[in-house]
Colleague: 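Input: one structure, supplied below.
Within every chain, numbering begins at 1; the chains are lettered A, B, ... in the order of the sequence lines, protein sequences first and strands thereafter.
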Amino acid sequence: MNSPKKAFQDVQPQVSFPKLEQRILQFWKEQGIYDKSLQRRRDAPRFVFYEGPPTANGLPHPGHCLTRAIKDLFPRYRTMRGYRCERKAGWDTHGLPVEVEVCKELGIHSKAEIEAYGVERFIHRCLESVFRYTREWEYLTERIGFWIHLEEAYVTYHQSYVESIWWCLKTLFDRGLLYHGHKIVWWWPQGGTALSAGEVGQGYRTVDDPSVYVRMPLLNEEGQETDTDLLIWTTTPWTLPSNQFVAVDPELEYARVWDAQRGRHLVVARVLVEPLAQKFSRTWEVRETFPGRRLVGRRYRPPFDFYYRQQGSRRGRLRQGGEEYWGWRVVEADFVTTDSGTGLVHQAPAFGEVDFDVLRREQARFEPGQGPPLLCAVAPDGTFTAEAPPYQGQFVKDADRQIMADLKRRGLLFHRETYQHEYPFCWRAEQDPLIQYPRKSWFIRTSQLKELMLENNRHIAWLPEHIRDGRFGNFLESNVDWALSRERYWGTPLPIWQCEATGRFEAVASYQELLAKPGVQGTEVWQRAKEQNPQLPEHLKVHKPYIDAVTYDSPFQPGARMRRVPEVIDVWFDSGAMPFAQWGYPHRGQERFREQFPADFISEAIDQTRGWFYSLLAISTLLFGTEPQPGEQGTFRQEFPHPYRNCVVLGLMLGEDGHKMSKQRRNYREPQEIFDRYGADAMRWYFFANQAPWTSIRYSEQAIRDSIPEFLLRLWNVYNFFVTYANIDGFDPAARIPAADAGDLSRQVLAGGEGYRPHPQRGELDRWILSELDRTAQLVVQHMDRYENYPAARLLHQFVDALSNWYVRRSRSRFWASGLCEDKLDAYWTLYECLVTTCKLVAPFVPFLAEELWQNLARSPFGQRVLESVHLADYPTGEPSRYDEELSRRMGLVREIVSLGRSARTAQKLKVRQPLPQVEIVLADRRDQPWLEQHAELIAEELNVKQVHFARQADQYIQYTVLPNLPRLGPRLGKRIPLLKKALQEADPAALLRRLESEGQVELELADGPLALTRDDLQVRLQAKEGWAAAQGPGAVVVLNTQLTPELVQEGLARDLVRAIQEERRRRGCQYTDRIRLVLFTPEEALQQAAQAFAQYIQGETLAVELAVQGQQPPEGEQVGRYKLGSAQVGVQLEVVRSSGSPA
RNA sequence: GGGCGUGUAGCUCAGUUGGUUAGAGCGCAUCCCUGAUAAGGAUGAGGUCCCUGGUUCGAGUCCAGGCACGCCCA
């Protein structure tokens, strides 16, 4: 054999994917491939992606690997599909996560301590902390192959970002959508600030709280205690001192029961009498039942008299005339349930939103100034005030014990137990419980836009779909105004200035606008700080404390000054504003914003339902959901949906053990370890190909490792196989292709290659795999266009499997033929086209492996004439016309027959090396027979039989059953189906089939009349009779003839010998092309004869130029390999006569 | 307590508009191949499709109720 030029670089069979990936990363970086991929789509339509900004002051964990992998997949795919998809990174830099981190470093906790440390110094520390783990984040991003412009990232504390938000808030303020209100908020006492629903939602924990039943004696008309008590239930004893009402359901039936043990009457809901009595181990006697309405208006004595002493008998004038007591009476409410508690609900309006509404409603009944005030014995720091002297200074939760003890001592504590429930804690300072608390706070009137948000939501394509009307839709339905302000330090300052004289507010849209105000003062505070420390970034001047110093003349009253309100805003507002704020819109970046709005695609984990998904939608709807007001800057009305059209909601990532990942539990591997051991492609493929992305995904090292043999290595082996033989044969796809620009090696380009024949001229196997290739490409594109990575990945997996386990397996012998004959060239071109196309198809999924393949398959032979990277290529879309469904079905049948044959062999313990005389094939549908006969050779080879016979008369080994083809007949016959089944059971199936075959149709007599049936109306099931080496499937029965002749036995032995010799070749390190001289040693006569009879076959298979057989035991020594064939010993001695590559 | 989701082989999961013998991978067992070779492949065992009821000629699939688990929220 001559030594032709190699078109491809030889492939190392023992591939290390992590090392390969490092090389590819280097290549991408050095050649700027990502930028080139954008450049190439410069004028293409846009595909807009938004990056949800991570917080870089915490370490990335495996969950982020999934989001980053998905965020890479679709932009990469869309780029290959011909879109321009810019990917701008972003960082979330504000808010509690940062402040809490810094407090931990400083060893402080409370706001007082921060103030003592100094707000300015504190802010500087925050700034330093923000990018603490940037390097880790950037490493992860790059290593997993997430292409994104990190160097152009938007940063939420930057001045332009902040000013965008100011513009947004000013717009909302001017529209009356941003207001200062008094409400019950979720309050973080230690942190001294309110939190948003999103933040609260992140901090729920299961805790044991006290659960107390307290009695409150009813009063009579004169205000004296009666012998009847209201029984209420609460898990927050600390709210009892601030009790103002008891609520009942007016329609619900209540009972007055006699408690003999106490000698008093109690009032509880009628349906709760038994369960409560049981809980308290009492016997209660129901004395009276009545609707709740009868209790309304009755007064009671509260458990504490801190307020009651002063106000217990206070009354006010009602709007509708008459007077009413301020409080401590029964009111009606629609939220009372009998699911828990007693059916009577303690109301402390200061510490509950619904309670507060009750107070509001009661206040509204009184004439102005006549109604009850809000009672609140708790200070903002969560401690009791002087209004509850015994507990003054105690933190509310800590005071629970003493409160319960006091109640017990006074005989008011009816029952006490522990109650396990979910309770919110601060999402960053996890030891701090939150409480509901009345507070003046800034709100966005989102509830006013609820319908619009719902409408907007209806246009979003959610994956999975149920998020739209389920979790997200429900959340929108229950929308409450957004508690925007935070009484904290490191955040976007609320751009509102207040007149010190009139208290009126004004919003400011930019720093420049602020500087342009009349009589501006205070900017020197920033100037001085900057002079002192020139390193300070300019961005800080729009932050606390510098911005607080800036004041100006009030437009509301001459001589008065405008001062900024002290609050910063909810950090979730920052990220929700990114569609415009990332460009600094509208102060700058107008064009960029218009191009990149709305997004086609975003993706985050499901916990963002109330987080980013909501903040994006809410802000966008507020700004761009309605016609702009006259005189507004930058707003316009955008058609729904915005700001995102498609949202892939990712499931929760679980640890190895199926539980939440946790550092303490050590139930997951660090991403770094996975990258080093298995590589990013393995991880990506595991994420994409093993489950729908919205199911919870188990982050399992084993499962990630498995994607290597299951997919990556399988593809690699096919590639390796191809390159090995292509190099041996000197196959060069570039040889005759004249085009200076071969582009991405489309089919049209390949068609110009040397020896390339059009597909229809090629053999069936080639046409089959090419048809599968087109089908796969088509379906993959269909799924990927709908963001369905999982079915797409499965299709790719199936194709690679078919390529490896059927096409290559069946084609191997074609590659072994000598010289480059037409059939061999067909095989090369077919496999080459499959590999090049697969490489493009898998590129968005496993970008590293795809690139490696491309570099060798395309770049090695074509050099500069093809695209530099697979990621610059166009994604193959397949052509429907090239999918040959019939061929696919038939090949399936061939594979079924082969599989059945093997099954029959296994059942008989007949190894494939032993040739058999004949196989008998019985088809369920004989129409396939003519076509299958052409494949007899293939079947014979796979099953190692001498003859393939298609049985016409197979009654001797087959039993037929004829069944209705239900999908066809069901709709037509409906209720007649059972009758047909009965008729078929009674008919003679063989005769029926014969009639069908001769006449094309058959008439059956059913119980209610005749029925004409064609062949397609019926399905034939075959069953092998006992006593045959047979296996049955839906399409065929395969029967083996197991009679062995001496010749067949000899041939089997010869194949055993070949196997031993090949093993020896391998042991001795022979090249595939090495010729050998061969000596076999065996005293076994049968083997000697077999070797002689099949000498030519053996020599051909093993490239032996000489074969000698010695009838003696093999001699000792390293030069002779010893093998056991059945019971016989064989020695194999070989000597290489000449090496490949060296001249003959 | 409410909302949403999930429940299919030992494990991880598929399962189209209802259709006859419910699939895949891993693991396990038995075996094959040895010119892809530190690979590859075949065959097999393994199922009350969570339970109950309903609709239907026919239900893993549709409906109702229940149970278990998860997430989100009260």
Colleague: Mind checking A:Val1058 for me? I need base, sugar-phosphate or nothing, with any heavy atom below 4.0 Å counting as a touch.
Modeller: nothing
Colleague: I want to confirm an ordering. Mapping A:Arg1055 and A:Arg714 to their closest nucleotides on RNA chain B, which one lands closer to the 5' end?
Modeller: A:Arg1055
Colleague: Would you check if A:Leu853 and A:Thr838 make a side-chain contact, meaning some heavy-atom pair closer than 4.5 Å?
Modeller: no
Colleague: Say you pick atom C1' in B:A39 and the same atom in B:C33; how far apart are they, in whole Å?
Modeller: 11 Å
Colleague: Let me know, please, whether A:Thr1102 or A:Tyr790 comes out on the 5' side of the other along RNA chain B by nearest nucleotide.
Modeller: A:Tyr790
Colleague: I need the CZ-P distance between A:Arg809 and B:C32, as an integer number of Å.
Modeller: 16 Å
Colleague: If I take atom CZ in residue A:Arg905 and atom C1' in nucleotide B:C33, what distance separates them, rounded to the nearest angstrom?
Modeller: 13 Å
Colleague: Looking at A:Thr1102, is its backbone amide N or carbonyl O close enough to the side chain of A:Arg1065 to form a donor-acceptor pair, meaning the two atoms are under 3.5 Å apart?
Modeller: yes
Colleague: Decide if atom CD of A:Glu885 counts as having more than 12 heavy atoms of other residues, nucleotides or ligands within a radius under 6.0 Å.
Modeller: no
Colleague: Determine the Euclidean distance between corresponding C1' atoms of B:G58 and B:A22; express it in Å to zero decimal places.
Modeller: 16 Å
Colleague: Please answer whether the main-chain N or O of A:Thr239 pairs with a side-chain N or O of A:Thr236 as donor and acceptor at a distance below 3.5 Å.
Modeller: no
Colleague: Starting from C1' on B:G40, measure out to CG on A:Asp801 and report it in whole angstrom.
Modeller: 12 Å
Colleague: Any side-chain to backbone donor/acceptor pair from A:Ser615 onto A:Trp572? Under 3.5 Å, distance only.
Modeller: yes
Colleague: If you measure from the P atom in B:G1 to the same atom in B:U48, how many Å do you get, rounded?
Modeller: 31 Å
Colleague: So what's B:A29 paired with, Watson-Crick or G-U wobble, going by both distances under 3.5 Å?
Modeller: B:U43
Colleague: Is a donor on one side and an acceptor on the other found under 3.5 Å between the side chain of A:Asn789 and the backbone of A:Ala689?
Modeller: no
Colleague: Tell me which nucleotide, if any, is Watson-Crick or G-U wobble paired with B:A24 when both distances must be under 3.5 Å.
Modeller: B:U12
Colleague: Using the side-chain heavy atoms of A:Leu1103, tell me which of these nucleotides is nearest: B:C57, B:G35, B:A36.
Modeller: B:G35
Colleague: Between the base of B:G25 and the side chain of A:Glu710, is there a donor and acceptor pair under 3.5 angstrom?
Modeller: no
Colleague: Tabulate protein N/O versus nucleotide N/O from nucleotides 17-23 of chain B, keeping only pairs under 3.5 Å, one per line.
Modeller:
from: B:U20; atom 1: O2'; to: A:Arg1021; atom 2: NH2; distance (Å): 2.7
from: B:U20; atom 1: N3; to: A:Pro964; atom 2: O; distance (Å): 2.6
from: B:U20; atom 1: N3; to: A:Gln1019; atom 2: OE1; distance (Å): 3.4
from: B:U20; atom 1: O4; to: A:Pro964; atom 2: O; distance (Å): 2.9
from: B:U20; atom 1: O4; to: A:Asn965; atom 2: OD1; distance (Å): 3.2
from: B:U20; atom 1: O4; to: A:Leu966; atom 2: N; distance (Å): 2.4

Colleague: I'd like the P distance from B:U61 over to B:U56, given in whole Å.
Modeller: 16 Å
Colleague: Expressed as a whole number of Å, how far does the C1' atom of B:U6 sit from that of B:C50?
Modeller: 11 Å
Colleague: Please give, in whole Å, the distance from B:G25 C1' to A:Gln702 CD?
Modeller: 12 Å
Colleague: Please report the distance separating the P of B:A24 from the corresponding atom of B:G41, rounded so that it comes out in whole Å.
Modeller: 15 Å
Colleague: On the nucleotide B:A14, are OP1 or OP2 found under 4.0 Å from the side-chain N or O atoms that A:Asn690 carries?
Modeller: no
Colleague: In whole angstroms, how far is the P atom of B:U43 from the CD atom of A:Glu942?
Modeller: 11 Å
Colleague: B:U20 and B:G60: how far apart are their P atoms, nearest whole angstrom?
Modeller: 10 Å
Colleague: With ring centroids as reference points, do A:Tyr725 and A:Tyr828 lie under 6.0 angstrom apart?
Modeller: no
Colleague: Distance check, P atoms only: B:C49 and B:A9, in whole angstrom units.
Modeller: 10 Å
Colleague: B:C57 C1' sits how many Å from A:Arg976 CZ, rounded?
Modeller: 12 Å
Colleague: Taking only side-chain nitrogens and oxygens of A:Ser899, does any of them come within less than 4.0 Å of OP1 or OP2 of B:U43?
Modeller: yes
Colleague: Applying a 3.5 Å limit to both distances, which nucleotide forms a Watson-Crick or G-U wobble pair with B:C69?
Modeller: B:G5
Colleague: For B:U48, give the paired nucleotide (Watson-Crick: N1-N3 plus N6-O4 or O6-N4; G-U: N1-O2 and O6-N3; both under 3.5 Å), or none.
Modeller: none
Colleague: What do you reckon, are the aromatic ring centroids of A:Phe688 and A:Tyr790 less than 6.0 Å apart?
Modeller: no
Colleague: Should the side chain of A:Arg1059 and the base of B:U34 be counted as holding a donor-acceptor pair, with the cut-off at 3.5 Å?
Modeller: yes
Colleague: Provide, to the nearest angstrom, the distance between the CZ atom belonging to A:Arg895 and the C1' atom belonging to B:G41.
Modeller: 12 Å
Colleague: How would you summarise protein contacts on nucleotides 2-10 of chain B per nucleotide, using B for base, S for sugar-phosphate only and - for none, with heavy-atom distances below 4.0 Å?
Modeller: -BBS-----
Colleague: Mind listing the closest non-hydrogen atom pair of A:Pro62 and A:Met653 along with its distance?
Modeller: O-CE, 3.2 Å
Colleague: Would you indicate what A:Asn717 reaches in the nucleic acid, counting non-hydrogen atoms under 4.0 angstrom: base, sugar-phosphate, or nothing?
Modeller: base
Colleague: How many whole angstroms separate atom OH of A:Tyr725 from atom P of B:G35?
Modeller: 9 Å
Colleague: Run the salt bridge (Lys or Arg N to Asp or Glu O under 4.0 Å) test against A:Arg810 and tell me which residues pass, sequence neighbours left out.
Modeller: A:Glu941, A:Glu942
Colleague: Whom does B:A59 pair with, Watson-Crick or G-U wobble, provided both distances fall under 3.5 Å?
Modeller: none
Colleague: Please state whether the rings of A:Phe731 and A:Tyr832 are parallel, tilted or perpendicular, taking 30° and 60° as the class boundaries.
Modeller: perpendicular
Colleague: Would you call A:Val718 and A:Leu831 a side-chain contact if the rule is heavy atoms closer than 4.5 Å?
Modeller: yes
Colleague: Look at the side chain of A:Gln691 and decide which nucleotide, out of B:C13, B:U37, B:C73, has an atom nearest to it.
Modeller: B:C13
